[in-house]
Undergrad: 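Structure provided below as C-alpha cells; questions to follow.
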Amino acid sequence: MTFLSLSHDFYARDPITVARALLGKRLIRETSAGLAAGRIVETEAYLSSRDPACHASRGLTKKNAAMFGPPGRAYVYMIHARWCLNTVTEQEGVPSAVLIRAIEPLEGLDLMQQRRGTQVIRDLARGPARLCEAFAIDRTYDHWDLTSGRELWIADDPLLNGTPLRIIRSARIGVTSAHRRLLRFYLADSPFVSGKRIAPRTARR
DNA sequence: CTACCGATTGACT
DNA sequence: GTCAATCGGTAGA
C-alpha cells in the first residue's frame, strides 16, 4: 500500500482549514529501524501575527523561521525540554501553522513502544511531545519538507476513504494568551485525544 | 554572562 | 486534583 504525501496546495490554505483537514490523515515516519504511522486525531491552529499565542506573532527569529517559509514544511520547536511538530500553512512570509497534538498509532507500535518506554498504546502519541518521541522527531526536522514523501510525511488514509468524521472544536490546550479563540480540533470518537474534553457532548455520565 | 519562561509531561496527594 | 523537572531560546544586565 502506498501513501502519497499531501501536496503543497493542501497546506497553502488558512490554518483553520488545514487544522480540520489534517484530522484523519496519516503521519508516516520511515527510519532505518522501520516504519511508524498513525492517524492524526487532534490539531491546533496558530494564526501568525493576528494571534498572540503564535510563536511568530512578534516577528522573525531563528527559532520560528520555519513558519515564515513555504507551506508544507515542518516547524519543530522545543517546549519544557520536549519537541513538538507543526505544519506550516498559508503562504511564504505569513507565519501560520498547525500543531499536531495527538495521533492514533497504527503501524510500528513496537518501535513507538521502544522509543517511548511504555507499552501503553493510548499513551504512545497522545500529546504533542509524546508523538514526537514516538515518531523520533527532533530539531533536525525543523524546516523539513513534508511533501517529500520520505522520512517524514503526511498522507491520506485509504482505510478512512470518505468516512465522515465527527470533529469537535475547543479552546487550545496550555495556551496562556488568546484563551478565547476556539482553535483546537479533534475527533469526537477518538480515545487517543489529549487534554480534557471540553465539549458537553462527550461529557461522561 | 545569568535569569526567566513555556503551544508539556509524568509522578504524586 | 496538584506540582515540579525539564532545557533551548530569548531578553536583559
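Quick note on labels: first sequence line is chain A, next is B, and so on, each numbered from 1.
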Undergrad: Between Tyr46(A) and dA7(B), do the rings stack, that is, sit under 5.5 Å apart with planes less than 30° off each other?
TA: yes

Undergrad: Take Arg150(A) and Glu30(A) through the salt bridge (Lys or Arg N to Asp or Glu O under 4.0 Å) test and state the conclusion after the steps.
TA: CA-CA 7 Å; Arg150(A) 62 186 187 87; Glu30(A) 203 162 30; over 6 Å; no

Undergrad: Any protein N or O atoms within reach of nucleotides 7-13 of chain C? Criterion: under 3.5 Å, listing atom names and distances.
TA:
| unit_1 | atom_1 | unit_2 | atom_2 | d |
| --- | --- | --- | --- | --- |
| dT10(C) | OP1 | Thr61(A) | OG1 | 2.5 |

Undergrad: If you apply the rule side-chain hydrogen bond (donor to acceptor under 3.5 Å, both in side chains), what do you find for Arg166(A) with Tyr186(A), and how did you get there?
TA: CA-CA 8 Å; Arg166(A) 281 216 309 138; Tyr186(A) 61 91; over 6 Å; no

Undergrad: Pair up each side-chain donor or acceptor in residues 125-138 of chain A with any protein partner under 3.5 Å, not counting sequence neighbours, and list the distances.
TA:
| unit_1 | atom_1 | unit_2 | atom_2 | d |
| --- | --- | --- | --- | --- |
| Arg126(A) | NE | Arg122(A) | O | 3.3 |
| Arg126(A) | NH2 | Asp123(A) | OD1 | 2.4 |
| Arg130(A) | NH1 | Arg126(A) | O | 2.8 |
| Glu133(A) | OE1 | Arg116(A) | NH1 | 2.8 |
| Asp138(A) | OD1 | Thr140(A) | N | 2.9 |
| Asp138(A) | OD1 | Thr140(A) | OG1 | 2.6 |

Undergrad: Does Arg13(A) make a cation-pi contact with Phe10(A), if we ask for NZ or CZ under 6.0 Å from the ring centre and within 45° of the axis?
TA: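 Flagged: Arg13(A) positioned over aromatic ring of Phe10(A).
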
Undergrad: Between atom CZ in Arg58(A) and atom P in dC5(B), what is the gap in whole Å?
TA: 13 Å

Undergrad: CZ of Arg58(A): more than 12 outside heavy atoms within 6.0 angstrom?
TA: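 No, because the 6.0 Å sphere around CZ of Arg58(A) holds 12 heavy atoms or fewer from other groups.
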
Undergrad: Which dot-bracket string fits DNA chain C when only Watson-Crick or G-U wobble pairs with both atom distances under 3.5 Å count, crossing pairs get [ ], and | stands for a partner on a different strand?
TA: |||||.||||||.

Undergrad: Residues in ring-ring contact (aromatic ring centres under 6.0 Å, His included) with Trp153(A), at least two apart?
TA: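 So Trp153(A) forms no ring-ring contact (aromatic ring centres under 6.0 Å, His included) with any residue.
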
Undergrad: Check this for me: does any side-chain nitrogen of one of Glu90(A) and Arg50(A) sit under 4.0 Å from a carboxylate oxygen of the other?
TA: yes

Undergrad: Which heavy-atom pair separates Gly59(A) from Asn64(A) by the least distance, and what is that distance?
TA: O-ND2, 2.9 Å

Undergrad: Once you round it to whole Å, what is the distance between C1' of dT6(C) and OH of Tyr77(A)?
TA: 14 Å

Undergrad: I'd like to know whether CG of Leu182(A) has more than 12 heavy-atom contacts from other residues, nucleotides or ligands below 6.0 angstrom.
TA: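 Enclosed: over 12 neighbouring heavy atoms sit under 6.0 Å from CG of Leu182(A).
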
Undergrad: Dump the pairs, protein N or O against N or O of nucleotides 9-13 of chain B, anything under 3.5 Å, distances to one decimal.
TA:
| unit_1 | atom_1 | unit_2 | atom_2 | d |
| --- | --- | --- | --- | --- |
| dT9(B) | OP1 | Pro128(A) | N | 3.2 |
| dT9(B) | OP1 | Ala129(A) | N | 2.9 |
| dT9(B) | OP1 | Arg130(A) | N | 3.1 |
| dG10(B) | OP1 | Arg116(A) | NH1 | 3.1 |
| dG10(B) | OP1 | Arg116(A) | NH2 | 3.2 |
| dG10(B) | OP2 | Arg130(A) | NE | 2.5 |
| dG10(B) | OP2 | Arg130(A) | NH2 | 2.4 |

Undergrad: Using atom C1' in both nucleotides, what's the gap between dA4(C) and dC4(B) to the nearest angstrom?
TA: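 Straight-line distance between the two C1' atoms is 16 Å.
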
Undergrad: Run through the side-chain heavy atoms of Ile, Leu, Val, Met, Phe, Trp and Tyr, join any pair under 4.5 Å, and report what else lands in Ile79(A)'s cluster.
TA: Tyr46(A), Met67(A), Tyr75(A), Tyr77(A), Val88(A), Leu99(A), Val175(A)

